[in-house]
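Worksheet: one structure, shown below.
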Amino acid sequence: MFNQLQAVPPDALLKLTVQYNQDQNPLKVDLGVGVYKDEQGNTPIMAAVSVAEQIILDQQQTKSYIGSAGSALYCELSANLLFSKDHQVIKDQRISVAQTPGGCGALRMAAEFINVCSPNATIWVSTPTWVNHVPLLAGAGLVLKEYPYYDNSTKSVDFAGMMNTLNTAAAGDLVLLHGCCHNPSGADLSIDQWQQVVALVLAKNLIPFIDIAYQGLGDGIEEDAYGLRLMADSVPEMIVASSCSKNFGLYRERTGTVIIISANSERAKISSSQLFSTIRGHYSMPPAHGAAIVETILNSDSLYRQWSGELTVMRSRLADNRIALATGIKAAGTERDFDFITAEKGMFSFLSISAEQVKRLKDQYSIYMAGSSRINIAGIATHNVDYVANAIVNVLK
Ligand code: LMR
């Protein structure tokens, strides 16, 4: 049986990390995979996370199973963080929530759930979108169609193109939206644009599916949830996939949440049963540790304050790095305007340079980024910003 298998290439983004680690150049810079880095290039464990881990270690009494939905307290607190605890969908018991193995687990379980509701449903995804959206959603049987999102020429959201295309979607189609910090472009919808998307979703009877993997790394914990909350205020049915990889720094602990909003509490009970049954048929139940950390933090006023303070430092560092890079590129001397980087949000921006220029940055300068020219803003630091800026200007010549 295995003799018929054809090899597939390794994931391009993950391969980049391997190449970076092997590179002996002391000046090398990693702007590839989306992990937060501090000024020294480390991805530290957040202090609030370490405190929570110690509490868990001291207090835990069992390693027994936790059930398909995961921890009930984690699910409750995670939903409160996303929607705010007095949101109507929570009060009306319209939500079904499950703890998942990372945001990927949430996306895949949501896609499997959709396939139970409506086999081979169509989901509209932004062009571009996070590369792993495609296998995660299509692998569950969903049919992917694309709507224009990022316009390379204006370095902003092609909102007219997006709306025109979504206007052609059929009733019952799903629309995948990035809650904040669009990956890979960093270009987010404005408040006014979110309002228009909500109106379109309602008018066309579309089902919003919001992937929010960077809450707190754009404008703030509450601000970054604006679009998600507005949508939840307005629509009868909706899906959310969230991740704690970035905002809690729990990458390898695989901690995420899938939420289904149903039209009423009776429908929500049925959705819950289907969601949990879907999970049981895939990985049975999620790993416990990451979610235990998150619930310990969210359940304690002092740990919450500590965590949100650390998140503010991370968010500010990303914003400062954006300014430093744009300023550095200007100082390095190019006609081309890179100020758009300062207006974008979260971990990523496109440099909008060619694949050949991306390759030269890697081969000549040991500066690593995705082939699309997406850069991880967190990889910029005081000690490398001029090096990166000069290299970018050099390959533009
Ligand atoms: C990224 O986009 O770089 C991250 O979300 C990591 C990943 O798994 O792709």
Side-chain angles (χ1 to χ4, degrees), residues 8-21 29-38 41-44 46 100-111 125-140 144 149-150 176-188 209-218 224 240-258 286-287 290 311 314-315 317-318 321-322 341 344-352 358 361-362 367-380:
V8 288
D11 180 273
L13 207 51
L14 302 182
K15 185 174 151 200
L16 210 57
T17 307
V18 175
Q19 290 176 331
Y20 171 81
N21 288 338
V29 183
D30 181 12
L31 306 179
V33 76
V35 290
Y36 179 79
K37 290 166 191 288
D38 63 16
N42 300 319
T43 303
M46 294 173 85
T100 55
C104 290
L107 286 159
R108 185 52 175 254
M109 286 308 101
V125 302
S126 64
T127 306
T129 195
W130 179 45
V131 281
N132 218 28
H133 276 148
V134 177
L136 283 168
L137 302 174
L144 269 60
Y149 186 80
Y150 187 71
L176 184 72
L177 298 157
H178 297 223
C180 63
C181 307
H182 185 268
N183 180 3
S185 72
D188 281 348
F209 181 159
I210 299 189
D211 181 9
I212 179 157
Y214 296 85
Q215 186 182 5
L217 288 167
D224 291 347
V240 179
S242 80
S243 168
C244 302
S245 293
K246 324 281 172 164
N247 54 4
F248 286 85
L250 288 174
Y251 310 91
R252 65 177 63 175
E253 300 296 353
R254 311 309 300 140
T255 310
T257 312
V258 59
L311 193 56
M314 291 159 68
R315 179 170 65 245
R317 187 176 131 68
L318 291 172
N321 281 0
R322 290 180 174 281
I341 293 175
E344 293 173 346
K345 304 287 175 192
M347 243 179 224
F348 307 113
S349 277
F350 281 126
L351 288 179
S352 295
V358 169
L361 283 169
K362 184 169 82 163
I367 298 174
Y368 290 75
M369 67 189 67
S372 60
S373 85
R374 185 198 81 167
I375 54 169
N376 176 7
I377 297 290
I380 301 293

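These figures come from a predicted structure and were not determined experimentally. Both ligands and their constituent atoms are indexed starting at 1 by order of listing.
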**Prompt:** Checking side-chain contact (heavy atoms from CB on, under 4.5 Å) against Met369, which of Leu351, Asn376, Val33 comes through?
**Reply:** Leu351

**Item:** Protein contact to atom 6 (C) of ligand 1 [nearest heavy atom, distance to 0.1 Å]
**Value:** Val33 CG2, 3.7 Å

**Asked** Under 3.5 Å, is there a donor-acceptor pair between the side chain of Arg374 and the main chain of Asn183?
**Response** no

**Message:** Looking only at protein heavy atoms, which one is nearest to atom 5 (O) of ligand 1, and what is the separation?
**Reply:** Lys246 NZ, 3.0 Å

**Request:** Answer with yes or no whether Asn183 contacts ligand 1, where contact means a heavy atom under 4.0 Å from a ligand atom.
**Result:** yes

**Asked** Residues two or more places apart in sequence or in another chain: which of them pass side chain to side chain donor-acceptor pair (under 3.5 Å) with Arg317?
**Response** Tyr36, Glu39

**Complete:** Checking heavy atoms under 4.0 Å, the part of Leu13 that sits near ligand 1 is side chain

**Item:** Proximal ligand 1 atoms for Arg374, defined as those under 4.0 Å from one of its heavy atoms
**Value:** 1 (C), 2 (O), 3 (O)

**Prompt:** Against heavy atoms of Tyr214, which atoms of ligand 1 measure under 4.0 Å?
**Reply:** 5 (O)

**Asked** In chain order, what residues pass the salt bridge (charged side-chain N to carboxylate O under 4.0 Å, His left out) check against Lys37, with sequence neighbours excluded?
**Response** Asp30

**Request:** Please confirm whether the backbone N or O of Leu16 pairs with a side-chain atom of Lys362, one donor and one acceptor, at under 3.5 Å?
**Result:** no

**Message:** Please check this pair: side chain of Ser242 against backbone of Ile212, looking for a donor-acceptor N/O pair closer than 3.5 Å.
**Reply:** no

**Message:** Geometry only, no angles: is Phe348 polar-contacting ligand 1 at N/O separations under 3.5 Å?
**Reply:** no

**Which residue and heavy atom of the protein sit nearest atom 8 (O) of ligand 1, plus the separation** = Trp130 CZ2, 3.6 Å

**Prompt:** Looking only at heavy atoms, is any part of Asn376 under 4.0 Å from ligand 1, and if so is it the side chain, the backbone, or both, or is it neither?
**Reply:** neither

**Message:** Using modelled atom types and a 3.5 Å cut-off, is there a donor and acceptor pairing between side-chain atoms of Asp188 and backbone atoms of His182?
**Reply:** yes

